[in-house]
Every structure is written in C-alpha cells, then in structure tokens.
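To keep things clear, I will list the structure first and then write my remarks on it.
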Amino acid sequence: MAFLSEASRAEDRTLVDAEGFLSFYSQATPIDVIEASRIGSRPARRSGQRTLADLRAIPWVFSWAQSRFHITGWFGVGSALAKLKSERPDEWLHLRTSLDGMPLLRYVLANVETTLSTADEEVWALYAGMVEDVSLRERFLTILRDEFRRTSDLLTEIHGSRFEDRRQRMARSLNLRSEALRRLHRLQVGLVVRWRTLSPGTPEWEEVLLQLLVTVNAIASGLRTTG
C-alpha cells in the first residue's frame with residue numbers, strides 16, 4: 001500500500017506540476033463557472049490567487065467530474081500498478097491472487113474502477129476543444145488517455161475480467177444515462193464558450209451564468225454525484 005501510494009502520488013504531481021497544466025485545466029473544465037456559482041459555504045479559493053494550491057478540494061474535484069475526466073479518482077493508479085508489476089513481481093502476484101483478503105485495497109481499487117467507468121473520453125474531447133492552444137491540448141490529452149488505458153488494463157488483469165462483465169448493473173445504469181448526459185455536456189460547453197466571451201457582471205453574463213448553473217445541476221444529478 002505504501003509503495004502504491006507513493007508511486008501514484010509521484011505520477012500525479014508530475015501531471016499537475018507540468019508546464020501549462022493550469023492553462024489546460026482552466027480552459028478544459030468549467031471551474032470558472034463553479035467559482036462564480038456562489039453555491040458553497042466558502043469561496044472556491046482560499047485567498048483568491050489563481051493557483052492550484054489556493055483552490056479548495058471540492059471545486060477541484062467537482063470541475064473534473066462535470067467535464068467527465070474524473071482524474072481525481074484514477075490518475076496515477078495505473079502507473080503505480082505498472083511500477084509494482086515491473087519492480088516487485090512477487091508483490092504484484094500476491095496482489096492478484098490475494099486481493100479478496102485485502103479489504104482496504106479492494107475497496108480503494110473498486111472506487112478507482114467506478115470513476116474510470118464514469119469517465120467518458122468522448123466528453124473529454126468536447127471539453128478539451130475549449131483549450132485554445134492545440135499543442136497544449138493534445139499533449140495533456142495524450143497523457144490522460146495513456147494513463148486511463150493503463151489503469152483500466154491493469155485493473156482488468158488484476159480481476160481477471162472486464163468491469164462490464166463483473167459489475168453489470170452499474171455498467172447498464174451508466175449506459176442508460178450516457179446519451180442524455182452527452183446532450184447536457186454539449187449544451188454546457190456551448191454556453192461556457194459563449195459566457196467566456198462576455199464581460200463579467202453584465203446582464204447577459206449573469207443570464208448565461210444562470211443557464212450554466214442549470215446545466216451544472218443537471219449533470220451532477222444525472223451522474224448522481226458532484227465528484
């Protein structure tokens with residue numbers, strides 16, 4: 001557990017500390033909408049600075065959930081598992097054969113798999129399309145897609161079967177809501193693009209913000225979670 005935790009955190013820091021990540025995050029998620037929503041008991045940022053360190057945990061997770069990246073639930077896990085497999089093969093084998101006897105780790109990996117299944121690469125691309133710098137967009141999308149697939153593949157290897165085969169009820173529920181949610185995401189992205197061109201505080205800006213907040217609420221309701 002300590003090895004996996006340290007390796008996963010190191011991979012996560014590599015992502016969030018990468019040059020340009022803040023720009024990608026700010027444009028590819030509706031974090032600015034959430035910050036303007038005035039729905040929390042405290043402001044989204046501790047002191048108002050435009051840094052990740054100043055951003056509170058709830059809007060951080062909420063914004064990734066709204067854009068269906070859900071990276072806060074899975075990024076770094078695949079790299080950590082791959083490192084365990086390559087550097088400590090005996091422990092990797094033990095994990096695969098004895099997971100049923102490790103309730104905490106089994107619970108953690110089940111939650112990781114849930115966020116993986118709720119993420120939607122088609123929706124990612126939609127939100128990432130708001131990132132103006134194409135090279136920045138593609139660089140981070142490649143990193144995220146590679147880690148997403150690595151994590152998914154290794155969890156399948158650990159369990160010996162795919163998520164869809166083992167957790168059929170949840171897979172069916174997600175599939176039933178998929179297209180309706182995608183329509184909501186397309187609506188939200190269109191509104192975000194328009195809203196970001198308006199002058200803050202103007203009547204039109206406030207009007208579009210209200211429409212955006214309806215989409216935020218609808219997507220959270222459709223997902224049954226804020227993240």
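When reading the values below, keep in mind they use all heavy atoms of this one structure, side chains included, and skip hydrogens, waters and symmetry mates.
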### Query
Should we count CD of Glu87 as having more than 12 external heavy atoms under 6.0 Å?
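Check passes, neighbour count above 12.
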
### Task
Give a yes or no on whether Glu179 atom CD has more than 12 heavy-atom contacts from other residues, nucleotides or ligands under 6.0 Å away.
yes

Side-chain contact test, heavy atoms from C-beta onward, threshold under 4.5 Å: evaluate it for [X] versus [Y] and give yes or no.
{"X": "Leu116", "Y": "Val77", "result": "no"}
{"X": "Arg167", "Y": "Arg172", "result": "no"}
{"X": "Leu184", "Y": "Thr215", "result": "no"}
{"X": "Trp74", "Y": "Glu113", "result": "no"}
{"X": "Ser23", "Y": "Leu136", "result": "yes"}
{"X": "Leu144", "Y": "Leu15", "result": "yes"}
{"X": "Leu154", "Y": "Arg150", "result": "yes"}

Search all heavy atoms of [X] against all heavy atoms of [Y] and return the closest pair with its distance.
{"X": "Gly78", "Y": "Glu147", "result": "N-OE2, 3.2 Å"}
{"X": "Leu209", "Y": "Ala36", "result": "CD2-O, 3.7 Å"}
{"X": "Pro59", "Y": "Tyr25", "result": "O-OH, 4.0 Å"}
{"X": "Val123", "Y": "Ser67", "result": "CG1-O, 3.7 Å"}
{"X": "Ala80", "Y": "Ser8", "result": "CB-N, 3.6 Å"}
{"X": "Val131", "Y": "Ala28", "result": "CG2-CB, 3.7 Å"}

Do side-chain atoms of [X] reach the backbone of [Y] as a donor and acceptor pair under 3.5 angstrom?
{"X": "Ser178", "Y": "Asn175", "result": "no"}
{"X": "Thr114", "Y": "Ala110", "result": "yes"}
{"X": "Gln66", "Y": "Pro30", "result": "no"}
{"X": "His94", "Y": "Leu99", "result": "no"}
{"X": "Arg106", "Y": "Asp100", "result": "yes"}
{"X": "Arg137", "Y": "Ala128", "result": "yes"}
{"X": "Arg96", "Y": "Glu157", "result": "yes"}

With rounding to the nearest 0.5 Å, note down the distance linking [atom1] in [X] to [atom2] in [Y].
{"X": "Leu105", "Y": "Ser5", "atom1": "CG", "atom2": "OG", "answer": "11.0 Å"}
{"X": "Ile219", "Y": "Phe62", "atom1": "CD1", "atom2": "CZ", "answer": "9.0 Å"}
{"X": "Phe69", "Y": "Thr115", "atom1": "CZ", "atom2": "OG1", "answer": "14.0 Å"}
{"X": "Asn217", "Y": "Ser37", "atom1": "CG", "atom2": "OG", "answer": "11.0 Å"}
{"X": "Ile158", "Y": "Thr97", "atom1": "CD1", "atom2": "OG1", "answer": "11.0 Å"}
{"X": "Arg169", "Y": "Leu174", "atom1": "CZ", "atom2": "CG", "answer": "12.5 Å"}

### Query
Below 4.0 angstrom, N of the basic side chain to O of the carboxylate: do Arg9 and Glu6 qualify?
no

### Message
Checking Leu181 against Asp120 for the side chain to side chain contact (heavy atoms under 4.5 Å, CB included) test, could you report, in this order, the C-alpha distance in whole Å, the side-chain angles of both residues, the deciding distance, and whether it holds?
### Response
CA-CA 10 Å; Leu181 278 165; Asp120 189 321; over 6 Å; no

### Modelled atom types, side-chain donor and acceptor of Arg177 and Ser173, under 3.5 Å
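A pair is found: one side chain offers a donor N or O, the other an acceptor, under 3.5 Å apart.
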
### Query
Would you say the side chains of Arg162 and Ser152 form a donor-acceptor pair under 3.5 Å?
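Checked: Arg162/Ser152 side chains show no N/O donor-acceptor pair below 3.5 Å.
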
#### Entry: salt bridge (Lys or Arg N to Asp or Glu O under 4.0 Å) partners of Glu122, counting only residues at least two apart
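Salt bridge (Lys or Arg N to Asp or Glu O under 4.0 Å) list for Glu122, sorted by chain: Arg182.
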
### Task
Take Lys85 and Glu91 through the test salt bridge (Lys or Arg N to Asp or Glu O under 4.0 Å) and record every step on the way to the result.
CA-CA 8 Å; Lys85 182 179 179 180; Glu91 290 184 25; over 6 Å; no

Under 3.5 Å, which donor-acceptor pairs link side chains of residues 190-203 to any protein atom two or more places apart or in another chain?
{"unit_1": "Arg194", "atom_1": "NH2", "unit_2": "Glu204", "atom_2": "OE2", "d": "3.1"}
{"unit_1": "Trp195", "atom_1": "NE1", "unit_2": "Trp205", "atom_2": "O", "d": "3.2"}
{"unit_1": "Arg196", "atom_1": "NE", "unit_2": "Asp32", "atom_2": "OD2", "d": "2.8"}
{"unit_1": "Arg196", "atom_1": "NH1", "unit_2": "Gln27", "atom_2": "O", "d": "2.9"}
{"unit_1": "Arg196", "atom_1": "NH2", "unit_2": "Ser26", "atom_2": "O", "d": "3.2"}
{"unit_1": "Arg196", "atom_1": "NH2", "unit_2": "Thr29", "atom_2": "O", "d": "2.9"}
{"unit_1": "Arg196", "atom_1": "NH2", "unit_2": "Asp32", "atom_2": "OD1", "d": "3.1"}
{"unit_1": "Arg196", "atom_1": "NH2", "unit_2": "Asp32", "atom_2": "OD2", "d": "3.4"}
{"unit_1": "Thr197", "atom_1": "OG1", "unit_2": "Arg194", "atom_2": "O", "d": "2.6"}
{"unit_1": "Thr202", "atom_1": "OG1", "unit_2": "Ser199", "atom_2": "O", "d": "2.8"}
{"unit_1": "Thr202", "atom_1": "OG1", "unit_2": "Trp205", "atom_2": "N", "d": "3.3"}

### Task
Could you go through the side chain to side chain contact (heavy atoms under 4.5 Å, CB included) check for Glu121 and Arg149 one step at a time?
CA-CA 11 Å; Glu121 289 189 74; Arg149 287 165 189 154; 3.0 Å; yes

With clusters defined by side-chain heavy atoms of hydrophobic residues (ILVMFWY) lying less than 4.5 Å apart, directly or transitively, does [Y] cluster with [X]?
{"X": "Phe3", "Y": "Leu104", "answer": "yes"}
{"X": "Val134", "Y": "Tyr127", "answer": "no"}
{"X": "Ile31", "Y": "Val214", "answer": "no"}
{"X": "Tyr107", "Y": "Met1", "answer": "no"}

### Message
Parallel, tilted or perpendicular, judged at 30° and 60°: which one describes the rings of Trp60 and Trp64?
### Response
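Ring orientation of Trp60 relative to Trp64: perpendicular.
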
### Task
Describe, in one word, how the ring planes of Phe140 and Phe24 are oriented to each other, choosing from parallel (under 30°), tilted (30 to 60°) and perpendicular (over 60°).
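Tilted.
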
### Message
Working note: Leu223 + Arg68, criterion side chain to side chain contact (heavy atoms under 4.5 Å, CB included); need CA distance, chi angles, decisive distance, verdict.
### Response
CA-CA 10 Å; Leu223 291 172; Arg68 300 294 291 283; 3.6 Å; yes

### Message
Could you go through Leu155 and Leu81, starting from their C-alpha distance and side-chain angles, then the distance that decides it, and tell me whether this counts as side chain to side chain contact (heavy atoms under 4.5 Å, CB included)?
### Response
CA-CA 9 Å; Leu155 286 176; Leu81 291 171; 4.2 Å; yes

### Message
Taking the six-membered ring for Trp, are Phe75 and His70 closer than 6.0 Å centroid to centroid?
### Response
no

